[in-house]
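Numbered from 1 within each chain, the chains take letters A, B, ... in sequence-line order. Keep in mind that what you see is a predicted model, and the values were worked out from it rather than measured.
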There are 2 protein chains.
Amino acid sequence: MEKKTDNTVRLQDVAKKASVGVGTASRVLNNHPNVSEEKRKRVLEVMEEMGYRPNFVARSLKTKSTKTIGLILMDITNPFYADILRGIQDEVTKADYSLILTDLGTKGNHLPKAIETMGDKKLDGIIYIGNQVDDDSAQLFLDTRRPLVFVSTAVILVNKELHDDFFSIEIDNENGAYEGVMHLIHRGYKRIALISGVKGDQNSSVPRMKGYKNALEEKGLHINPQWIHHGEHSFKTGYEGMKGFLSLSKVPDAVFAISDMAAIGAMKAAFELGYRIPEDIGVIGFDGITHSAYTHPTLTTISQPRYEMGTKAIQLMLDQIEGRVQKGRRVLLDYRLVKGGSC
Amino acid sequence: MEKKTDNTVRLQDVAKKASVGVGTASRVLNNHPNVSEEKRKRVLEVMEEMGYRPNFVARSLKTKSTKTIGLILMDITNPFYADILRGIQDEVTKADYSLILTDLGTKGNHLPKAIETMGDKKLDGIIYIGNQVDDDSAQLFLDTRRPLVFVSTAVILVNKELHDDFFSIEIDNENGAYEGVMHLIHRGYKRIALISGVKGDQNSSVPRMKGYKNALEEKGLHINPQWIHHGEHSFKTGYEGMKGFLSLSKVPDAVFAISDMAAIGAMKAAFELGYRIPEDIGVIGFDGITHSAYTHPTLTTISQPRYEMGTKAIQLMLDQIEGRVQKGRRVLLDYRLVKGGSC
DNA sequence: TAATTTCAAGTATAGCTTTTCGTAAATATT
DNA sequence: AATATTTACGAAAAGCTATACTTGAAATTA
């Protein structure tokens with residue numbers, strides 16, 4: 001009961017030296033009221049003098065709060081996610097929480113393991129940013145019985161029902177895409193191709209493709225299946241998609257890319273084949289990453305409020321952790337058409 | 001001693017149901033030898049049946065190991081760092097550790113707080129990736145008394161002495177820069193400008209500028225102070241640097257950028273002013289981020305083994321945590337000139 | 001057979017903090 | 001002045017696991 005194996009100083013060491021009970025010392029530490037000014041001062045002095053630092057692990061065991069939020073994300077390599085992370089980080093820092101990050105990466109399905117570990121480590125909440133999650137993983141999320149926030153992720157189906165015990169933050173993807181394609185049409189483009197994401201992904205691919213089709217149909221333009229390319233949110237996807245389009249007998253005159261990464265890859269491919277942008281072929285992207293302002297020509301894009309998505313995510317998380325809200329809901333943020341020189 | 005407030009199942013619940021001592025249950029959990037096959041099986045069954053999940057926090061309190069590594073990095077928005085993170089993440093996942101991330105961002109000095117928090121939360125080790133740290137923060141790092149790995153960071157000075165109780169992973173920045181500039185010279189460029197990082201930063205700015213100067217001096221080329229621009233590793237810095245150079249009466253014919261981000265920004269500025277790359281002005285970058293392969297023309301760059309830097313960082317970290325090494329050392333990895341079309 | 005070794009398995013304790021509880025003292029109320 | 005209420009504070013429990021220690025039985029040896 002009085003072993004000092006290493007030289008860490010414990011609260012009871014402080015208490016003893018200050019001649020108070022360990023309970024009192026704890027109260028001082030946590031700014032509880034019922035402690036006399038005299039003892040408070042003495043304890044504080046001794047803490048300073050001995051260089052006492054509270055043990056977070058022991059505290060967590062007792063309070064059941066780790067002051068740590070888990071963040072699972074798709075691919076940190078994509079600046080879109082990195083920008084969201086910046087918002088998350090700033091807000092987390094402000095609230096004195098820590099962040100446990102799991103970057104899923106592209107190879108292998110590490111999601112179930114990641115969710116379970118975050119539950120086991122007693123994180124106070126979990127944020128997920130990425131593609132739609134399958135039903136099994138969705139169930140795992142709920143099983144952790146922790147506050148959840150999904151960013152830029154389609155609402156999940158569990159047992160074929162919509163759950164309302166988590167938050168989600170998105171933009172109106174369908175209308176965003178619609179507006180982007182409309183912009184192309186207004187600029188005079190008529191043969192508009194689509195570089196999409198993972199087929200069937202309810203997060204970005206499905207709603208954005210819907211917006212794309214809505215716009216074309218509304219204007220009576222032809223939807224050519226050959227002009228739709230599926231892939232990831234990567235340079236490579238855009239590059240390959242564009243290469244494919246430009247090798248067809250009937251070449252499109254504009255491309256709507258589901259992400260800026262893909263748009264940049266597409267531009268590269270067009271340039272390589274000697275096409276001029278925007279004269280020969282127009283390009284529009286989606287996301288609004290910083291990078292899109294540094295291509296030549298500058299990329300026109302549907303910009304998402306990335307930083308704000310991050311800050312909002314943490315705010316909603318803290319609302320849940322601190323019991324200010326009960327039911328989850330879907331939060332829609334505004335997107336914005338940023339006009340560049342690519343179309 | 002027998003309160004069940006919520007429905008979490010504890011090891012002692014498992015033990016009771018399996019009619020064994022809690023010690024035995026613990027041994028089963030940790031694969032200790034001295035337990036009969038019969039009881040092991042029974043305990044395992046009960047665990048499965050009750051859905052038992054070990055409490056990491058309680059375990060950490062006892063074992064003094066959190067199975068969590070801290071990562072402090074400069075700016076996740078820079079793909080160079082994001083790529084390193086990918087390597088770190090993969091290796092961390094493999095070893096069944098978690099990662100607590102602190103992205104310092106650009107505004108405010110959050111480093112001291114970040115270090116202290118990671119110490120307080122009893123993380124098993126800390127990795128730092130970024131600019132040179134000041135002496136005070138360096139001392140804080142050492143005060144945590146935890147394994148340390150510094151990636152792409154200049155060796156730190158504490159009390160004006162070189163410490164050897166931490167690891168660092170770098171490339172030979174001076175020679176890398178030297179080689180890059182030499183490449184420009186061999187391609188026929190003679191008026192070579194430099195877009196550098198933070199002035200005096202021993203991490204990248206100082207050694208790379210040294211390599212830059214070495215090359216110029218060796219070839220008897222003029223070093224023009226007006227052709228040196230300081231800033232950050234960002235698009236903006238490169239953009240502004242190049243704009244500045246091209247407004248001078250005596251314009252350079254090539255630019256060596258300290259990072260690919262800056263190089264891309266510089267290319268953008270040159271294009272805007274109607275310069276052709278590589279005909280009118282040559283550009284070479286540093287880092288080798290994926291992005292550099294998708295500019296037009298493709299960016300020539302000194303590529304750093306980013307992913308490997310990450311995996312190596314974790315390997316060295318685990319070596320320390322698991323006691324396989326005592327003294328720290330400096331690890332140099334290989335860089336590589338990747339020839340693009342920008343010079 | 002008795003003594004010794006070996007091993008399985010149960011018990012108690014440590015790890016550090018917060019919180020509950022009970023007591024004593026101080027203050028307020030009548 | 002006597003009682004009720006509030007406040008200060010120490011002792012101990014609780015949170016959950018791992019480990020050191022202990023015990024008892026079985027196996028080995030003399």
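- Each of L61(B) and G23(B) was assigned the nucleotide of DNA chain C with the nearest heavy atom; the assignment lying further toward the 5' end belongs to G23(B).
- Looking at K121(B) and T68(A), their side chains do bring a donor and an acceptor atom within 3.5 Å of each other.
- For the pair T153(B)/Q132(B), no side-chain contact is recorded, criterion being any heavy-atom separation below 4.5 Å from C-beta on.
- Per the geometry, NE2 belonging to H32(A) stands 15 Å off P belonging to dT17(C), to the nearest Å.
- Taking atom CG of residue L29(A) and atom P of nucleotide dC9(D), one finds them 16 Å apart after rounding to whole Å.
- Along DNA chain C, the nucleotide nearest V22(B) and the nucleotide nearest V22(A) are compared for position; the residue whose nucleotide lies closer to the 5' end is V22(B).
- Of the side-chain N and O atoms in K39(A), one or more sit less than 4.0 angstrom from OP1 or OP2 of dG10(D).
- As a whole-Å value, the separation of L11(B) CG from dG10(C) C1' is 13 Å.
- Distances shorter than 4.0 Å separate none of the side-chain N or O atoms of S36(B) from OP1 or OP2 on dA8(C).
- Note on P54(B): only backbone sugar-phosphate atoms sit closer than 4.0 angstrom, heavy atoms only; bases stay farther off.
- Salt bridge absent: D165(B) and K327(B) never bring a charged side-chain N and a carboxylate O closer than 4.0 Å.
- Across the protein-nucleic acid pair, D120(B) atom CG and dT17(C) atom C1' stand 14 Å apart, rounded to whole Å.
- With hydrogens and angles ignored, no donor-acceptor pair under 3.5 angstrom links the side chain of R59(B) to the base of dG15(C).
- Proximity of K122(A) to the phosphate of dG15(D): no side-chain N or O atom is located under 4.0 Å from OP1 or OP2.
- Per the geometry, CG belonging to N30(B) stands 13 Å off C1' belonging to dC16(D), to the nearest Å.
- An OP1 or OP2 oxygen of dT7(D) is reached within less than 4.0 angstrom by no side-chain nitrogen or oxygen of N34(A).
- Residue V57(A) is classed as having no contact, given no heavy-atom separation below 4.0 Å to the nucleic acid.
- For Y52(A), a side-chain nitrogen or oxygen approaches OP1 or OP2 of dT17(C) to under 4.0 Å.
- For T8(B), the listed nucleotide lying nearest its side chain is dC16(D); candidates were dC16(C), dC16(D), dA9(C).
- Between D13(B) and R10(B), at least one side-chain nitrogen of the basic residue sits less than 4.0 Å from a carboxylate oxygen of the acidic one, meeting the salt-bridge criterion.
- The interatomic distance linking K41(B) (NZ) with dA9(C) (P) rounds to 15 Å, in whole Å.
- Nucleotide dT17(D) holds its P atom 10 Å from the NZ atom of K64(A), rounded to whole Å.
- Residue T24(B) places none of its side-chain N or O atoms closer than 4.0 Å to OP1 or OP2 of dA9(C).
- As a whole-Å value, the separation of K16(A) NZ from dG10(D) P is 14 Å.
- Between R27(A) and K62(B), the one whose closest nucleotide on DNA chain D sits nearer the 5' end is R27(A).
- When the nucleotides dT19(C), dA18(D), dC16(C) are ranked by their closest atom to the side chain of N55(A), dC16(C) comes out on top.
- S65(A) comes within 4.0 angstrom of nothing in the nucleic acid, heavy atoms only.
- In this structure, the ring of F141(B) has its center less than 6.0 angstrom from the ring center of Y128(B).
- Minimum atom distance to the side chain of T63(B) is reached by dA18(D), of the listed dT20(C), dA18(D), dA9(C).
- A salt bridge links E91(B) with K94(B); the closest basic N to acidic carboxylate O contact falls under 4.0 Å.
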